[in-house]
**Q** 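Just dropping this structure here.
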Amino acid sequence: MSDTPIDNSHDQHAVRRQKLAEMRAGGFDPFRASVEQTHFSQDAIRLHVAGQDNIVTVAVAGRLVTIRDMGKSQFAKILDQQGQIQIYVKKDVVGDETYAMFKKIDLGDIIGVKGTLFVTKTGEVTVRVESCTLVAKALRPLPEKWHGLSDAEQVYRQRYLDLIVNAESRARLLLRSKIVSHIRRFLDAQQFIEVETPVLQSVAGGAAARPFQTHHNALGVDFVLRISLELYLKRMLVGGFDRVYEIGRNFRNEGVSRRHNPEFTMLEVYQAYSDHRGMMTLIKDMLTSLCRDVLGTTKIKHAASGQEIDFGGAWREVNYKDLIRETTGDAEWFARSKAEKIAGAEKLGLHVDPKWEEFEITNEIFSKKIEPTLIQPTFVMKLPKELCPLAKISLDDPTTIDVFELTIGGMEVAPAYSEQNDPDVQRAMFEAQAGEEKQNIDQDFLLALEHGMPPAGGMGVGIDRLCILLTGAESIRDVILFPQLRQRGEVKIETVAPVALDKVFASPKPTA
RNA sequence: GGGCUGGUAGCUCAAUGGUAGAGCAGCAUCCUUUUAAGUUGUUGGUUCCGGGUUCGAAUCCCGGCCAGCCCA
């Protein structure tokens, strides 16, 4: 072995490992240290009373994200769940030994400090550190402090780094949590009961989508992952839970895109003795209160169109068929032959497959030419009955069903129905299904309906899409913590000399 | 599945067929109220992978992998 050590100063991982090794050799294991935390960062900052410096003592903890070293004193910032707080470490105050230790701490390390609050000459509430403990050594460097992390792949695969260095990502994903928790409080307050229903199902019902398949070894049977919550929540209505909801993960074995993740979160709500009109009130109240209480405004900017979406006013109601007639310029559209409908769709610049059913051709016009233009909250009413076999037929037009689709920002946000509760009609509608909307028939669900399900309004809300809308995100991946990406090869971590566990854990020194 | 764009230091980005660079981070130095702190010096590269063209390839061509956008 040579006397001159290899210059590893360029390799930040190696430098940090070396520092850790020295600490351990000196009898201090940062990963066994613990520390007091009396406040989160922003709560601590609020404790400071103007003009009264160094009176209130706090203990805060978090990741070191900024260091400004001025020789015998340093300003630094630590990041916790609430955000950042500045700390001031002064040699005179903490003493030589602690100061020397602090000088060795790296950006990214997790520390706890205790001290008094004061205001700097630039007006920032800061902790004047009296004691300081390293509680977790970061062996990897943080991404760049100014630009943050911008490589999309790393943002998604290593979300923790994104959350540490990109404040807007942290805020957006925190907002998602607040949205979901507000929805729970809103529904709970109206005596809705939150339930949990099976993810592993024998029949993927409640929607038309290709499911993921799996296998249960002990039972020796195949299962699918649910594609919808609907049919089990309706069984709860049969069972006498009159107002139920579930916020749960659905799985669809389909493409991945800006708007689609293979697993996504749905809210489904069912209210006995209500109907789709009742659901309109419910969703409007839910979303306006959400805007008011969580966003603090009922007017939000729609990222894609630049328009302002106003949740505060009256929401437009319009019939599906009227929208189609208006867009095609053909008052008799629904009386036209299939060939005429194909020609009409092509005139609008759409490609239609002649194999499609007529309602599918019409719906192509809706989803390509109409839906994207519905930016303000719009209830699209009375959809063709083929589009959903689970709703009640409209009394005044038996070719349509009593439903609405709430569309906001050009996206379908919440479909709702007057739920079908006639077991015979339900069975007939399942059997008469056609085209891509065809659902698998869940016989056990039909048995439940034969026991009697109260009339009910039901609604589904795509939580991810709602979050895209309310957070101004551009992609579903920005509102899902760990979006699905293609599997990358094995993650390689440089091998390091194995730690001698008996030495590391033999005699941990009490924390400083 | 198809089209387009991209992949260069830990991170953010340059280098338009001719010596692979900068900022931040790191290392070393000065600085006891900084705000992307400042100062002086400095280390660091399988240019995603595999072929090919060329005197010479990060750059051009072919194939693959991964990502983003658009389309189906």
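The figures that follow rest on heavy atoms only: side chains count, while hydrogens, waters and symmetry mates do not. Chain A is the first sequence line, chain B the second, and so forth, proteins listed ahead of strands; every chain is numbered from 1.
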**Q** Where the side chain of A/Gln12 is defined as all heavy atoms beyond and including C-beta, which of B/G10, B/C11, B/U32 is the nearest nucleotide?
**A** B/G10
**Q** As a test of reading the structure: which of B/U32, B/U33, B/U43 is closest to the side chain of A/Lys72, going by heavy atoms?
**A** B/U32
**Q** Would you say B/C69 has OP1 or OP2 under 4.0 Å from some side-chain N or O of A/Arg477?
**A** yes
**Q** Taking NE2 from A/His13 and P from B/C27, how many angstroms apart are they, rounded to a whole number?
**A** 14 Å
**Q** Nearest whole Å is fine: how far is B/U43 C1' from A/His10 NE2?
**A** 7 Å
**Q** Looking only at side-chain atoms of A/Arg258, point me to the closest of B/C69, B/G26, B/A67.
**A** B/C69
**Q** Taking atom P of B/A25 as reference, at what distance in whole Å does atom NE2 of A/His147 sit?
**A** 12 Å
**Q** Can you find a side chain N or O atom of A/Arg140 that sits less than 4.0 Å from OP1 or OP2 on B/G10?
**A** no
**Q** Classify the nucleic acid contact of A/Leu485 as base, sugar-phosphate or nothing, counting any heavy atom under 4.0 Å across all strands shown.
**A** sugar-phosphate
**Q** Provide the Watson-Crick or G-U wobble partner of B/G10, both distances under 3.5 Å; none if there is no partner.
**A** B/C24
**Q** Quickly work out the A/Asp106 CG to B/G10 C1' distance and round it to whole Å.
**A** 13 Å
**Q** Do we see a donor-acceptor contact under 3.5 Å between the side chains of A/Asn8 and A/Gln18?
**A** no
**Q** Under 4.0 Å, heavy atoms only, any strand: does A/Arg128 hit a base, just the sugar-phosphate, or nothing?
**A** nothing
**Q** Does A/Lys137 count as lying over the ring of A/Phe31, i.e. NZ or CZ under 6.0 Å from the six-ring centre, within 45 degrees of the axis?
**A** no
**Q** If the sugar-phosphate is the primed atoms plus P, OP1 and OP2 and the base is the rest, what is the B/S/- string for nucleotides 37-42 of chain B, using protein heavy atoms under 4.0 Å?
**A** B-----
**Q** I want to verify a distance call: between B/A25, B/U32, B/A72, whose nearest atom is closest to the A/Lys368 side chain?
**A** B/A72
**Q** Under 4.0 Å, counting only non-hydrogen atoms across every strand here, what does A/Gly148 touch: a base, just sugar-phosphate, or nothing?
**A** sugar-phosphate
**Q** Check every strand shown and say whether A/Arg16 touches a base, only sugar-phosphate, or nothing at a heavy-atom separation below 4.0 Å.
**A** nothing
**Q** Under a 3.5 Å threshold, yes or no: a donor from one side chain and an acceptor from the other, between A/Asn363 and A/Tyr320?
**A** yes
**Q** Which donor-acceptor pairs under 3.5 Å do side chains of residues 342-359 of chain A form with protein atoms, sequence neighbours excluded?
**A**
from     : atom 1 : to       : atom 2 : distance (Å)
A/Asp353 : OD1    : A/Lys355 : N      : 2.9
A/Glu358 : OE1    : A/Lys341 : NZ     : 2.6

**Q** Mind checking A/Phe118 for me? I need base, sugar-phosphate or nothing, with any heavy atom below 4.0 Å counting as a touch.
**A** base
**Q** With heavy atoms under 4.0 Å as the rule, sort A/Ser150 into base, sugar-phosphate or nothing.
**A** sugar-phosphate
**Q** Could you check how far CD of A/Glu153 sits from C1' of B/U8, rounded to whole Å?
**A** 15 Å
**Q** Would you mind classifying the nucleic acid contact of A/Gln86 as base, sugar-phosphate or nothing, using non-hydrogen atoms under 4.0 angstrom?
**A** base
**Q** A/Arg176 and side-chain hydrogen bond (donor to acceptor under 3.5 Å, both in side chains): which partner among A/Thr471, A/Asp478, A/Asp464?
**A** A/Asp464
**Q** Heavy atoms from C-beta onward define the side chain here; which of B/A25, B/C11, B/G68 lies closest to that of A/Ala152?
**A** B/G68
**Q** Using only heavy-atom distances, determine whether the side chains of A/Thr362 and A/Lys321 contain a donor-acceptor pair under 3.5 Å.
**A** no
**Q** Quickly work out the A/Asp151 CG to B/C24 P distance and round it to whole Å.
**A** 22 Å
**Q** Does A/Arg16 use its side chain to pair, donor to acceptor, with the backbone of A/Ala138 at less than 3.5 Å?
**A** yes
**Q** Taking only N and O in the side chain of A/Lys19, is any of them less than 4.0 Å away from OP1 or OP2 of B/C27?
**A** yes
**Q** Given that both distances must come in under 3.5 Å, which nucleotide forms a Watson-Crick or G-U wobble pair with B/G68?
**A** B/C4
**Q** Please check if atom NZ in A/Lys103 has more than 12 non-hydrogen atoms from other residues, nucleotides or ligands closer than 6.0 Å.
**A** yes
**Q** In terms of side-chain heavy atoms of A/Ser73, which of B/A67, B/U32, B/G26 is nearest?
**A** B/U32
**Q** Rounding to a whole Å, what distance do you find between A/Asn166:CG and B/C11:C1'?
**A** 11 Å
**Q** A/Arg17 CZ to B/C27 P: how many Å, rounded?
**A** 16 Å
**Q** Testing the 3.5 Å rule here: is there a donor-acceptor pair between the side chains of A/Glu97 and A/Tyr99?
**A** no
